[in-house]
Number of protein chains: 2
Amino acid sequence: MTGFVNRSHHHSESGARKLDDAIENDPLFLRATARTMMVLSAFHEADRPMSLTEIARTAGLDRSSTQRIVHTLRQLGYLQRDPHDRGYIPGIRIYDHIFDAMRLNDLLQPAVPLLLDLRRNVNERVDLSLIDDLRLVYAARLPPKREVLHAMLVGLSVPIYCTSAGWAMLSHLPEDQARDIIRRSDRRSYTSRTLVDEDAIMEKASMAAQQGYVVAEEQLLPGEIAIGAAILNAERRPIAAVTVTALLSDWTAEDFTHAVAPSLVQTVSALGRA
Amino acid sequence: MTGFVNRSHHHSESGARKLDDAIENDPLFLRATARTMMVLSAFHEADRPMSLTEIARTAGLDRSSTQRIVHTLRQLGYLQRDPHDRGYIPGIRIYDHIFDAMRLNDLLQPAVPLLLDLRRNVNERVDLSLIDDLRLVYAARLPPKREVLHAMLVGLSVPIYCTSAGWAMLSHLPEDQARDIIRRSDRRSYTSRTLVDEDAIMEKASMAAQQGYVVAEEQLLPGEIAIGAAILNAERRPIAAVTVTALLSDWTAEDFTHAVAPSLVQTVSALGRA
DNA sequence: TATTACTGTATCGCTCAGAGATACACAATG
DNA sequence: CATTGTGTATCTCTGAGCGATACAGTAATA
């Protein structure tokens with residue numbers, strides 16, 4: 001158990017399969033570009049440096065093509081050898097791109113001060129996540145005092161179907177779209193309390209619709225409680241969500257809700273207007 | 001003035017030029033892969049959504065090729081249209097890769113708790129940066145209470161020649177390598193106090209060598225003071241640096257140094273052993 | 001209202017970039 | 001010792017994709 005929720009719900013249907021379809025029908029689709037990104041994506045599956053053969057297998061390419069792509073990406077700084085020369089790892093140039101992505105995201109810039117205010121009010125972990133099909137991807141994370149790396153990492157993704165933020169997003173979608181997301185999700189039980197039943201999840205979404213927020217207890221991790229609310233754009237479609245996360249050892253569910261919900265709702269509504 | 005230091009010191013010598021060289025001599029170098037990454041890199045130069053033509057010009061490609069690459073990257077989620085449909089911006093899939101890069105970096109994982117300890121001791125901003133040729137790239141950032149986005153962004157890069165962390169790195173390199181880095185740097189004066197003279201910079205490096213840390217006053221931003229120290233790997237080569245940054249309105253240089261230096265030195269030495 | 005200059009999008013031949021088979025030196029296994 | 005991994009290198013043949021060209025829509029000019 002690595003503690004990372006990522007890597008479990010991949011969005012690539014066996015990688016190469018999707019590629020074939022695109023090539024057939026789409027004359028503008030470049031195989032070479034897709035292959036390049038598939039090599040970079042191969043590291044999603046890994047928890048240690050990867051060998052050329054491993055990358056090839058994971059990306060669904062042959063060793064020769066992989067060799068050339070890896071070689072090129074290495075020249076460019078997007079891949080590098082592990083410090084102990086045990087394999088390849090993502091290179092430092094990746095950092096440039098996340099910087100650009102966040103810099104050019106016009107939700108993030110105004111969000112940070114408001115998120116900091118929220119954290120000061122509630123004094124618990126505050127995260128902002130962006131929607132990506134079936135996932136929520138953390139884009140800004142404000143960890144409390146004592147934390148470990150993974151709680152700080154931008155880019156961690158969690159499923160929609162079993163998170164408070166996810167339920168809050170579902171509550172702002174038409175019912176058929178919401179159900180479609182739930183159905184397509186690979187619903188696994190992260191804890192004994194994880195919701196996997198479609199109707200039970202829709203129930204949570206409707207609570208979110210009524211209240212403007214929704215609470216999730218022990219959906220991803222035992223002992224964890226989270227409250228989430230969605231951020232809507234001008235067309236009232238959900239584009240992001242804010243989550244406050246705490247430990248059940250510190251709060252009862254009711255106390256937590258009463259303490260946090262008002263500030264949270266105020267924050268997301270301010271972000272929606274921005 | 002955007003407040004971002006990035007985008008000033010690019011590492012690509014006109015982009016296309018470097019590509020030509022590589023293709024000539026290197027049979028394993030894939031033009032298509034390089035072109036793909038050049039399209040993604042085009043956003044380094046931008047501070048707003050980019051049009052196809054802008055991307056093409058910045059990446060040094062023609063519009064047709066750019067169209068196909070952009071189209072493909074968009075299908076894959078690495079690019080997306082701006083919410084207001086004013087142009088292209090980096091897509092959400094980028095976040096996956098930074099997550100992988102940080103997750104697989106075996107310096108970061110053990111570093112975070114130590115950096116948090118350090119920040120608790122000094123109660124000022126703490127950053128960990130990785131070396132990349134002439135640059136330092138922020139990989140972990142612990143902002144103090146009140147901050148804005150850019151102070152939190154992983155992937156921001158700053159020059160080596162005019163930062164405390166950079167001087168600390170230089171102090172652990174052979175003199176010729178250090179001077180080479182300085183000479184190749186595009187030395188601009190960010191403030192009136194920015195050091196641009198090679199010997200003056202080497203002087204700072206030698207101070208870092210003696211003390212194990214070095215202080216930089218108003219090198220990048222007026223009113224800012226920073227203290228940096230290098231992290232060495234097993235072969236005693238500098239691979240990263242830790243910086244503590246504060247405001248001159250809160251500290252005199254001496255007070256700051258006395259308060260922070262011991263904790264900082266202890267932190268980097270612990271990280272070096274890890 | 002025309003005009004000019006942008007957008008994004010689409011089509012189509014020709015050709016060289018690159019796919020993929022194959023080989024090799026080396027290291028770490030059994 | 002054989003086996004299976006690693007990274008690296010070389011070659012031929014072909015179809016992926018280069019880049020020219022065109023077009024509809026929009027925005028800002030005159």
Side-chain angles (χ1 to χ4, degrees), chain A residues 15-16 18-39 42-43 46 48-76 78-91, chain B residues 15-16 18-39 42-43 46 48-76 78-91:
Chain A
K18 201 170 178 181
L19 204 158
D20 292 348
D21 295 359
I23 289 180
E24 290 293 303
N25 316 322
D26 187 346
L28 287 174
F29 192 90
L30 296 191
R31 186 174 57 155
T33 293
R35 285 176 157 206
T36 299
M37 301 322 285
M38 285 166 64
V39 164
F43 291 89
R48 61 194 160 77
M50 296 184 93
S51 78
L52 201 56
T53 315
E54 283 178 302
I55 297 173
R57 184 169 29 75
T58 310
L61 305 174
D62 62 273
R63 248 172 57 99
S64 290
S65 300
T66 308
Q67 176 191 8
R68 287 188 295 272
I69 295 170
V70 164
H71 173 86
T72 307
L73 288 175
R74 202 180 160 187
Q75 299 292 321
L76 300 174
Y78 291 101
L79 293 182
Q80 59 189 220
R81 294 292 295 176
D82 170 68
H84 308 288
D85 202 52
R86 290 170 306 192
Y88 296 98
I89 56 174
Chain B
K18 202 170 178 182
L19 204 158
D20 292 348
D21 296 359
I23 289 180
E24 290 293 304
N25 316 321
D26 186 346
L28 287 175
F29 193 91
L30 296 191
R31 187 175 55 157
T33 293
R35 286 177 156 206
T36 298
M37 302 322 285
M38 284 166 65
V39 164
F43 292 88
R48 60 194 162 78
M50 296 184 92
S51 78
L52 201 56
T53 315
E54 283 178 302
I55 297 173
R57 185 170 27 75
T58 310
L61 305 173
D62 62 90
R63 248 172 57 98
S64 290
S65 301
T66 307
Q67 176 192 7
R68 287 189 295 272
I69 296 170
V70 165
H71 173 86
T72 308
L73 289 175
R74 202 180 160 188
Q75 299 292 322
L76 300 173
Y78 292 101
L79 293 182
Q80 58 188 222
R81 295 291 296 176
D82 171 68
H84 308 286
D85 202 52
R86 290 170 306 192
Y88 296 98
I89 56 173

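Protein chains get the first letters and strands the later ones, always in sequence-line order, with residue 1 at the start of each.
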Item checked: Comparing A:T33 and A:H71 on DNA chain D - which has the more 5′ nearest nucleotide -> A:H71

What's the [atom1]-[atom2] distance between [X] and [N], to the nearest Å?
X     : N      : atom1 : atom2 : result
B:I69 : C:dG8  : CD1   : P     : 15 Å
A:I55 : D:dT6  : CD1   : C1'   : 12 Å
A:R63 : C:dG20 : CZ    : C1'   : 12 Å
B:L52 : D:dG25 : CG    : P     : 19 Å
A:R68 : C:dA17 : CZ    : P     : 13 Å
A:R74 : D:dG7  : CZ    : C1'   : 9 Å
A:D62 : C:dT22 : CG    : P     : 12 Å
B:Q67 : D:dA22 : CD    : C1'   : 12 Å

Margin query: Considering every strand and a 4.0 Å limit on heavy-atom distances, what is the contact class for A:R86: base, sugar-phosphate, or nothing?
Written below: nothing

Margin query: From the set D:dC18, C:dA10, C:dG20, return the single nucleotide nearest to any side-chain atom of A:L28.
Written below: C:dA10

Next item on the list: Look at the side chain of A:L30 and decide which nucleotide, out of C:dT7, C:dG8, D:dC18, has an atom nearest to it.
Entry: D:dC18

Notebook entry, point to check: Is atom CZ of A:R86 surrounded by more than 12 heavy atoms (other residues, nucleotides or ligands) closer than 6.0 Å?
Noted result: yes

Item checked: Neighbour count >12 (heavy atoms, 6.0 Å) for atom CZ, B:R81 -> yes

Item checked: Minimum-distance pair of heavy atoms, taken over all atoms of B:Q80 and B:R74 -> CA-CG, 4.5 Å

Next item on the list: Find out whether A:T33 and B:V39 are in side-chain contact, i.e. whether some heavy atom of one side chain is under 4.5 Å from a heavy atom of the other.
Entry: no

Note to self: When you measure from the side-chain N and O atoms of A:R31 to the phosphate of C:dA17, is any distance below 4.0 Å, counting only OP1 and OP2?
What the structure shows: no

Margin query: OP1 or OP2 of C:dG20 versus the side-chain N and O atoms of A:R35: is any pair under 4.0 Å?
Written below: yes

Checklist line | A:L30 backbone acceptor or donor facing B:T72 side chain under 3.5 Å | finding: yes

Next item on the list: Determine whether any donor atom in the side chain of B:S64 lies under 3.5 Å from an acceptor atom in the base of D:dA20, or the reverse, and answer yes or no.
Entry: yes

